[in-house]
Each structure stands twice: as structure tokens, then as C-alpha cells.
Amino acid sequence: MNNDTPAAGNFIRAIVEDDLKTGKHSQIITRFPPEPNGYLHVGHAKALCHNFGLAEDYNGLCNLRFDDTNPEKENDEFVQAIQDNIRWLGFTWNGEVKYASDYFDKLYEFALWFIDNDLAYVDDLTPEQMREYRGTLTTSGKDSPYRTRSAAENHDLFTRMKDGEFADSAKVLRLKINMSSPNMNLRDPAIYRIKRSHHIRTGDKWCIYPMYDYTHCISDALESITHSCCSLEFEDHRPLYDWVVDKLFTAGLLPARPRQIEFSRLVLNYTITSKRKLTQLVSEGLVSAWDDPRMPTIAGMRRRGYTPQGVRLFAKRCGISKSPNVVDIPFLETAIREELENSVPRVMAVLKPLKIILTNFVAGETGSRSADFHPQHPEFGSRLCELTQEIYIDQDDFQETPEKGFQRLTLGGEVRLRHSYVIKCEEVIKNADGSISELRCSIDPLTLGKNPEGRKVKGVIHWVSATKSIAAEVRLYDRLFSVENPDNVEGHDFKEFINPHSLDISTAYIEPSILSVKPEDHFQFERVGYFVADRYDCDAAKGKLVFNKTVGLKDNWKK
RNA sequence: UGGGGUGUCGCCAAGUGGUAAGGCAUCGGAUUUUGAUUCCGACAUUCGUAGGUUCGAUCCCUACCACCCCAGCCA
């Protein structure tokens with residue numbers, strides 16, 4: 001089994017344990033707050049496993065809250081897909097799905113409260129002017145001329161903003177904090193903008209929308225979130241988070257004061273996790289869809305054959321810290337493979353067929369063996385591996401003149417047919433162009449279910465009956481990008497690095513037991529790798545068999 | 001030249017004043033009708049660098065270096 005490392009003591013768990021021990025909280029509540037502007041990817045999977053995992057492990061709750069404050073980019077397809085992904089990973093959110101937009105009325109009232117307490121003002125500066133007034137990283141900003149408007153005037157103006165009296169972008173509501181703060185986030189951040197855009201939940205009710213920094217912390221507090229975990233880039237938003245929450249909490253308007261804790265986001269080499277760029281791959285048809293098996297999306301990984309347990313194992317192994325969490329794809333693949341190892345049946349399939357005629361095969365006399373679907377798990381059942389006179393083996397398993405160390409079939413050499421006899425290659429039949437067309441081999445009749453006497457046959461190869469095997473479409477995947485960091489190569493667009501060989505479709509011949517396959521059934525094709533029946537295209541009843549290669553087997557043959 | 005972070009084995013990652021967990025990878029070896037799996041064993045005298053405090057420092061102090069984030073009416 002996978003030696004599940006104990007949920008590594010990470011620094012956030014240490015904080016949670018301490019809060020529980022000291023009685024600061026009797027129960028923790030975390031939250032996962034995706035913006036529905038794209039599909040969830042492997043980086044979200046890490047964050048999601050952390051937030052939901054924390055709740056699971058400490059008997060707490062985890063809310064699912066869509067951060068739907070920017071109607072221009074958000075849509076319902078994403079809302080649905082995200083929920084599917086989370087359920088698929090096996091997590092359950094607390095109560096109903098929540099939306100930041102559930103709090104739009106509250107948020108509006110609080111904005112008025114900030115205004116009435118002289119902590120917010122309506123600003124008429126244009127976006128360009130605002131940028132100028134903000135100053136730079138090294139120079140202080142300066143106050144907007146509108147900063148000194150009276151509370152009454154601001155109250156009136158903001159009300160009219162809401163009522164649609166002003167054009168989009170004509171005014172914004174800003175918090176009155178400190179224009180010379182070294183922290184840019186505190187230089188009077190805008191918290192409301194005018195934007196006439198149809199919202200997936202609230203329709204056309206609003207023409208002003210609250211912004212992230214203002215919305216997120218208040219939403220957390222309204223839900224009594226105890227630990228609000230996010231990625232590192234929000235570290236210097238924390239003073240703002242605390243500023244907003246403290247003001248409202250002190251005034252008795254909020255039930256809790258959540259704590260924001262930041263950890264590093266996941267970086268997977270040879271892939272991208274920018275939602276904008278993933279969107280581009282889909283919209284430009286560079287991949288088939290968001291769930292293309294080559295996509296690093298949760299939906300893509302699912303279609304590729306990754307399992308929830310495998311993804312969760314991966315996330316756990318990545319850990320939670322504040323140092324850059326850069327990992328290689330094999331690290332992900334190992335977790336997937338490891339989890340599949342003991343949970344899926346094995347069958348034989350030949351991807352690049354080479355025909356063999358068994359010269360001394362006698363129908364009705366030459367025997368066949370029944371074999372378990374998993375060597376360590378007899379409970380998976382068994383099936384007959386029926387030998388026929390003509391079989392296919394994989395082209396890679398034969399070398400006329402073997403290279404050093406090759407222990408498969410050679411001319412004049414012997415090899416074990418898995419679950420069947422030892423055979424010996426007597427003759428190589430070639431085409432006019434010199435390529436091999438078929439092999440003539442003889443069976444050693446004394447080797448069915450037992451080792452030959454007096455000699456050792458080391459090699460074991462897989463095979464299928466040429467006449468009884470089932471042809472199926474197999475989709476072989478390789479990494480989508482050919483460089484480690486496609487996102488970040490100076491002077492180049494990430495699309496230049498798309499691997500032209502990331503998808504290879506071919507035909508495989510699979511043993512007949514495969515006929516009972518159902519979509520999303522996982523298998524190990526022995527000696528080849530793990531495959532999954534495509535969840536949409538595989539339909540055995542209609543005679544259409546389609547398998548996606550999930551991940552190859554480890555290959556320790558050192559050439 | 002501002003602010004916020006991070007630097008522990010090839011990659012993740014614990015630890016934190018008492019002499020470096022674990023996982024992945026790698027390398028040996030055993031078992032094996034999958035060159036898979038499984039199993040055993042090896043794998044940082046050293047914690048970005050340089051000083052300092054201390055009986056003792058990866059952990060405290062000082063300086064330095066490298067890298068990441070921040071100037072959206074995005075999240």
C-alpha cells in the first residue's frame with residue numbers, strides 16, 4: 001500500500017492545533033473560494049485538498065464559496081464544473097454552496113457604514129489619474145482632491161452610483177487609509193466600481209460591484225471562517241484584510257475575525273496553470289476542451305485516468321509551506337501509479353502488433369490457463385487466457401539480433417508468454433523490403449504453469465490472440481509542453497512550446513475480457529501502463545472501445 | 001533607492017538552542033510467469049554566505065547575497 005505519510009506537520013496545521021488546544025476555536029471553519037472564471041487545475045487541487053483536508057482532519061467544516069464579484073469573466077458552466085471537480089475528489093462542503101454575491105446587500109450596507117464613519121469616499125479620478133496619484137513602489141502617493149468630501153456627500157454620491165446615475169468607471173468608492181503607505185494595497189484601495197454587466201446570480205440588480213479585497217474578508221467573517229488560507233501573493237493584502245475586518249468587527253457588525261494565512265502555490269514543471277492561458281488553449285482549439293486529457297485541469301486529469309485518491313496523495317506529498325513549491329511531473333505520476341497499483345485489474349493488450357504463428361499449436365489440445373486479474377488480489381477475479389495458433393506480441397519484444405541485456409524474444413531464443421507457455425522463435429519471415437512480417441515459434445508443451453526443467457527462461461512478454469482479441473482505439477499522451485517552464489521563456493509565447501507529439505492515436509489489440517468495460521474503468525495493460533476507458537467515447541455496447549493512457553509503468557531496464 | 005516574503009540532499013519537506021524526520025528520485029541486493037509490484041540496505045559531519053553571542057546555533061544577533069510578490073476601477 002502507499003505508505004501514506006502522516007499528514008505532514010505543516011505550519012498551518014500547527015496553528016490550527018494550537019488554536020484548538022488553547023480554546024481560541026472549538027471548531028475550525030475553512031473555505032475554498034474559487035472564482036468561476038475557468039476550470040480548476042492541479043494548483044487548485046492542492047489548495048482544495050488543503051482546505052477541505054484541514055476541515056476533515058480536525059473535525060471542522062469547509063465552505064465552498066464562489067468569488068463572483070467580477071461578472072464580466074464569470075459564468076455558470078464554470079460554477080457547475082467546479083462543483084463536479086470537488087465532489088469527484090471526494091470532498092463535501094459545508095451546507096449550501098455559497099456565493100460572495102449572497103452578501104452584496106450586506107456589503108453595500110457596510111460600504112455606507114464606512115462612508116458614514118469617514119473611512120471611505122467617492123473618487124472621481126479617472127483610472128489613469130488614479131494611477132498617477134498612487135505613486136510608485138519607491139515614492140509616496142498623494143491624496144485625491146476628492147478625498148475630503150463630506151460623509152454626507154459621499155453617502156449621497158454612493159447611493160446614486162448604485163442607482164445608476166453615473167457612467168461605468170465614472171466614479172469609484174475608495175477606502176480612506178493612507179496614500180503614503182509603503183504597502184501599495186493600503187493607498188486608499190478602490191472597493192466598488194461601476195460596471196453595467198449581467199451577473200450570473202444577481203442578474204441586473206446591481207450596476208456597482210464590490211472588489212476582492214473588500215468582499216473576501218467580509219465574506220469570510222460573515223461565514224465565521226476561522227482560518228482563511230490563500231496563496232503567497234496575498235501576503236501584503238493581509239493588513240488590508242485585517243483593517244476592514246477590525247473596523248467592522250469592533251463596531252459589532254461582524255460575528256468573527258478570521259485569520260488569513262498564506263502558503264505557496266504549486267508550480268508543476270512542463271505545464272502551465274495560468275487560467276488565462278489555459279483558457280487560450282481551449283478557445284484557440286489547441287486542445288479539445290477544458291477536459292482534454294493533456295490539460296492540467298482536474299477535469300483533464302480525470303479524463304486521463306488519474307484517480308481522486310491519486311491526486312489527493314499527490315497533494316499530500318507536495319506539502320504546505322511558504323517556500324516555492326516546484327515539482328516535476330514524475331512526482332505527480334508516481335502518486336497516480338502508486339494508487340492505481342493495488343486498485344485496478346490487469347489485462348493484456350498489444351499496442352504495436354507483431355504476428356506469431358505457433359507452429360506446433362493444436363486446436364483442442366494445446367492448453368490455456370486461467371489467470372487472476374491481479375497477482376496480489378485474487379478477489380478481483382480471473383479469466384481464461386486462451387491461446388490460439390496466431391497471436392500478437394509487441395514489436396518491441398522481439399529483436400532478431402538482440403542488444404546487450406535484452407531479455408525478451410530473439411531468433412533462436414526462448415521467452416515466456418505471460419500466463420501461458422514458453423515459446424522459442426524458430427524463424428523470422430520478412431517482407432520484400434526486409435521488414436519483419438511474422439515470426440514462427442514453437443511451444444514447449446511442458447511449460448504451461450511450470451518452469452522448464454534444466455534451464456531458466458528469464459523474459460516474460462505479454463500477448464493476445466490474433467483471432468480473438470478486440471481492437472480498440474488507444475490515445476497515448478505525452479506532456480503538453482516541451483520545456484520546463486513554458487510560461488516564462490523570454491521573448492517567446494508559451495504556445496510555441498506545445499509538444500507536437502502530445503497526442504498519438506493508435507489501435508491496440510486487447511484480450512476479450514475487455515468487452516465488459518464501462519466508461520472510466522481503469523486497467524493496467526501488463527508491462528505497458530495504466531489505461532482508462534474514456535468516459536465519453538468508450539461504449540462497449542456499441543462496439544466502440546476507447547482507452548486513454550493514464551501513465552506508463554516504471555521501466556527499470558537500463559540500456 | 002520602498003514594502004512584503006523565501007532560501008535545509010537532485011525535487012518536495014519536518015525540525016528549531018543540545019548536536020539534521022519523512023516522501024519522491026537515485027544506487028546496491030533479494031524475491032518475481034509484468035525488466036512492474038514487494039522486500040531489504042545505502043543516501044546532508046550539514047541547514048544561502050560571512051561574521052558575532054553561547055559550553056553548544058540550521059535554530060538567537062548583525063551584515064551581505066540570490067530568488068519571488070506588490071504601482072487592475074482582476075482575483
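Letters go in sequence order (proteins before strands), and every chain restarts at 1.
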*Go through the steps for A/Arg408 and A/Asp394 under the test salt bridge (charged side-chain N to carboxylate O under 4.0 Å, His left out), then give the verdict.*
CA-CA 11 Å; A/Arg408 280 106 99 158; A/Asp394 228 294; over 6 Å; no

Check: [N] base within 3.5 Å donor-acceptor of [X] side chain:
X        : N     : result
A/Arg408 : B/G35 : yes
A/Arg416 : B/U32 : no
A/Asp555 : B/G35 : no
A/Ser169 : B/C73 : yes

*asked:* Just by distance, no angles: are the side chains of A/Asp68 and A/Ser101 close enough, under 3.5 Å, to form a donor-acceptor pair?
replied: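 Yes, side-chain donor-acceptor contact under 3.5 Å.
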
*Does the side chain of A/Tyr270 come under 3.5 Å of the side chain of A/Glu484 through a donor N or O and an acceptor N or O?*
no

Whole-Å gap separating [atom2] ([N]) and [atom1] ([X]):
X        : N     : atom1 : atom2 : value
A/His50  : B/C12 : NE2   : P     : 19 Å
A/Asn325 : B/C68 : CG    : C1'   : 14 Å
A/Ile461 : B/G35 : CD1   : C1'   : 13 Å

_Given B/A13, B/C24, B/C74, identify the nucleotide with an atom nearest to the side chain of A/Lys73._
B/C74

*Does A/Thr138 or A/Ile320 map to a spot on RNA chain B nearer the 5' end, using the closest nucleotide for each?*
A/Thr138

*When you match A/Asp213 and A/Phe525 each to their closest nucleotide on RNA chain B, which lands nearer the 5' end?*
A/Phe525

*Are A/Thr69 and B/A75 close enough that a side-chain N or O sits under 4.0 Å from OP1 or OP2?*
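True: A/Thr69 side-chain N/O within range (under 4.0 Å) of B/A75 OP1/OP2.
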
*Show your working on salt bridge (charged side-chain N to carboxylate O under 4.0 Å, His left out) between A/Glu339 and A/Arg312 and close with a plain yes or no.*
CA-CA 10 Å; A/Glu339 200 283 320; A/Arg312 288 172 69 153; over 6 Å; no

*Could you tell me whether A/His237 contacts a base, only the sugar-phosphate backbone, or nothing, with contacts defined as non-hydrogen atoms closer than 4.0 Å?*
base

*Identify whether any heavy atom of A/Pro375 sits under 4.0 Å from a base atom; if not, whether one sits that close to sugar-phosphate; answer base, sugar-phosphate or nothing.*
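Base, at least one base atom sits under 4.0 Å.
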
